[in-house]
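Each remark here refers to the structure printed beneath this line.
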Amino acid sequence: MAHSSPSSRAWSGIHPSAHPAADEHAAQRIPGQARDDGKSISGRTSDDTSIDPETAWDAFSRRDRAYDGRFVVTVSSTRIYCRPSCAARRPRREHVGFLADGAAARAAGYRACRRCLPDDVARDAAAVSRALALLDRAERTPSLADLAAAVGYAPHHFQRLFTRVAGLSPAAYARDRRAARAAAALREEGHVTAAIYAAGYAAPSRFYADAAALGMAPAAWASGGAGERVAWYVVPTPLGALLVAQTGRGLCHVGLDERVEALAALLPAALLVAADAGERSRALRWVEAAAVPRDAALTGAQRRALFLAAVRATARADA
């Protein structure tokens, strides 16, 4: 079945007085059986919350791909169930209900839509989750073809699938992982040349390209930020408070649920200061442009890692 184009997963309106709980509520999943009358829906979630049926109807009306995998839509007039993003013409509201997943819909006597293939959602997201784990463990970045083959997909299809679920392309996520390894190697080795080989780089040029994400020269990072002014700011996000640290070159560190003491431990030789108005504005711009992955098949650690990678990617593009 053809689908509508993916909706943006980026979120906006972040400011120091924002309430991220509202964004988190909008992302809740519907697990468990629910009344299939389109008016009432219930069920326990992993964090003891439930979604309002009007929220589900709104997501279905907008064909919002971000809700695929969180529930299925049943249509009593045709006895089929679909993804929220199904591209088919919308039925009348009184014919629509919401159930936890395909198994619940089939138990209620519905069959899967042949256009949107709702039962493939879990398989797709699970494949992305496996690919993320492979990239996290890989000493050398696998090619797209090898990564796709490892999870059973064609390369070009998996490229689109990964980007839609993760909010980043496989190459962008792999680049972020390489940069993280470079930063860790610099801290451990304390010397740029040693760090290049310790991090597994075949050539110094690739190392220096990835080290641009440090926000300072590699030698300065290896020495704990000596000679650097680092401005920090805490931004509320749907995944928790985000510590954003930057230099005149750009972003140098982001961490969820971190205090400034963690930054001081990371860069003990740097001058740490509270961000000024311009630096706060820049930090907010980076965070607002980053996608917040919400797919329920991703682990909490994967969602956090992807969000941090997205913030670093937007900051890098903004440099």
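The structure presented is a predicted model; accordingly, all values stated were derived computationally and were not measured.
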Item checked: Nearest non-hydrogen partners of V72 and D101, listed with the distance -> CG2-O, 3.5 Å
Note to self: Please give me the minimum heavy-atom distance between T163 and P170, naming the atom from each residue.
What the structure shows: OG1-CD, 4.1 Å
Item checked: Nearest-0.5 Å distance that lies between atom SG in C116 and atom CD1 in I80 -> 7.0 Å
Check: For the side chain of T141 and the backbone of A174, is there at least one donor-acceptor N/O pair under 3.5 Å apart?
Finding: no
Margin query: Assess the residue pair R304 and D257 against the criterion (side-chain contact (heavy atoms from CB on, under 4.5 Å)); give the C-alpha distance rounded to whole Å, side-chain angles, the decisive distance to 0.1 Å, and a yes or no.
Written below: CA-CA 11 Å; R304 289 164 67 91; D257 299 322; 3.4 Å; yes
Notebook entry, point to check: Has the side chain of W286 got a donor or acceptor atom that lies under 3.5 Å from a matching backbone atom of R312?
Noted result: no
Next item on the list: Run through V311, L242, L243 and flag the one making a side-chain contact (heavy atoms from CB on, under 4.5 Å) with L256.
Entry: L242
Check: Say you draw a straight line from CG of L308 to CZ of R303; how long is it, rounded to the nearest 0.5 Å?
Finding: 13.0 Å
Notebook entry, point to check: Does a side-chain heavy-atom distance below 4.5 Å link V165 with D124?
Noted result: no
Checklist line | Main-chain N/O of A277 paired with S281 side-chain donor or acceptor, under 3.5 Å | finding: no
Margin query: Donor-acceptor check, side chain of Q159 to backbone of H156, threshold 3.5 angstrom: yes or no?
Written below: no
Margin query: Closer than 4.0 angstrom, basic N to acidic O: yes or no for R259 and E261?
Written below: no
Next item on the list: Could you tell me which non-hydrogen atom of V234 sits nearest to which non-hydrogen atom of P236, and how far apart they are?
Entry: O-CD, 4.1 Å
Check: At what distance, to the nearest 0.5 angstrom, does CZ of R280 lie from CD of Q246?
Finding: 10.5 Å
Notebook entry, point to check: Are any of the side-chain heavy atoms of T55 and F98 separated by less than 4.5 Å?
Noted result: no
Check: Does one side chain, of Y81 or R106, offer a donor that lies under 3.5 Å from an acceptor on the other?
Finding: yes
Check: T247: what forms a side chain to side chain donor-acceptor pair (under 3.5 Å) with it, not counting sequence neighbours?
Finding: none
Item checked: Separation between CG of L168 and CG of D176, rounded to the nearest 0.5 Å -> 7.5 Å
Checklist line | Shortest non-hydrogen contact from D119 toward A112 | finding: OD2-CB, 3.8 Å
Check: Side chain of D68, backbone of S85: donor and acceptor closer than 3.5 Å?
Finding: yes
Note to self: So that I can tick it off, tell me whether D210 and R181 are bridged by a salt bridge, with the cut-off set at under 4.0 angstrom between side-chain N and carboxylate O.
What the structure shows: no
Checklist line | Distance (rounded to the nearest 0.5 Å) between M216 CE and C252 SG | finding: 4.5 Å
Notebook entry, point to check: Could R70 and Y67 be counted as a cation-pi pair, given that NZ or CZ must be under 6.0 Å from the ring centre and within 45° of the axis?
Noted result: yes
Notebook entry, point to check: Would a 4.5 Å heavy-atom cut-off, applied to side chains only, mark T78 and V75 as touching?
Noted result: yes
Next item on the list: Could you tell me which non-hydrogen atom of W57 sits nearest to which non-hydrogen atom of P91, and how far apart they are?
Entry: CH2-O, 3.9 Å
Checklist line | For D58, salt bridge (Lys or Arg N to Asp or Glu O under 4.0 Å) partners two or more places apart | finding: R62
Checklist line | Lys/Arg-Asp/Glu bridge criterion (N-O < 4.0 Å) met for R282, D276 | finding: no
Item checked: Note, L135 side chain near L147 side chain (heavy atom, < 4.5 Å) -> yes
Check: Would you say R229 and V273 make side-chain contact, with heavy atoms under 4.5 Å?
Finding: yes
Item checked: Donor-acceptor under 3.5 Å (R83 side chain, L117 main chain) -> yes
Checklist line | Aromatic ring pairing F162/Y173, orientation class (parallel under 30°, perpendicular over 60°, tilted between) | finding: tilted
Next item on the list: Answer whether the closest heavy-atom distance between the side chains of V292 and L239 falls below 4.5 Å.
Entry: yes
Notebook entry, point to check: Can you find a pair of side-chain heavy atoms, one from F60 and one from V96, that are under 4.5 Å apart?
Noted result: yes
Note to self: Looking at T314 and A290, would you say the former's side chain and the latter's main chain have a donor-acceptor pair under 3.5 Å?
What the structure shows: no
Margin query: Does this structure show an ion pair linking E228 with R249, if we count only N-O contacts that are shorter than 4.0 Å?
Written below: no
Margin query: Evaluate R123 against Y153 for side-chain hydrogen bond (donor to acceptor under 3.5 Å, both in side chains), listing each step before the verdict.
Written below: CA-CA 11 Å; R123 174 179 175 265; Y153 283 75; 3.0 Å; yes
Notebook entry, point to check: Which atom pair, heavy atoms only, marks the closest approach of E94 to S76?
Noted result: O-OG, 4.5 Å
Item checked: Side chains of T237 and F307 in contact at under 4.5 Å (non-hydrogen atoms) -> yes
Margin query: Is a donor from one side chain sitting under 3.5 angstrom from an acceptor on the other, for H253 and E258?
Written below: yes
Notebook entry, point to check: Taking it one step at a time, do Y110 and R79 satisfy side-chain hydrogen bond (donor to acceptor under 3.5 Å, both in side chains)?
Noted result: CA-CA 5 Å; Y110 292 89; R79 304 304 297 174; 3.0 Å; yes
Notebook entry, point to check: Atom CD of E54 and atom OG of S61: how far apart are they, to the nearest 0.5 Å?
Noted result: 9.0 Å
Note to self: Determine whether a donor-acceptor pair (N or O, by modelled atom type, separation under 3.5 Å) exists between the side chain of R90 and the backbone of A88.
What the structure shows: yes
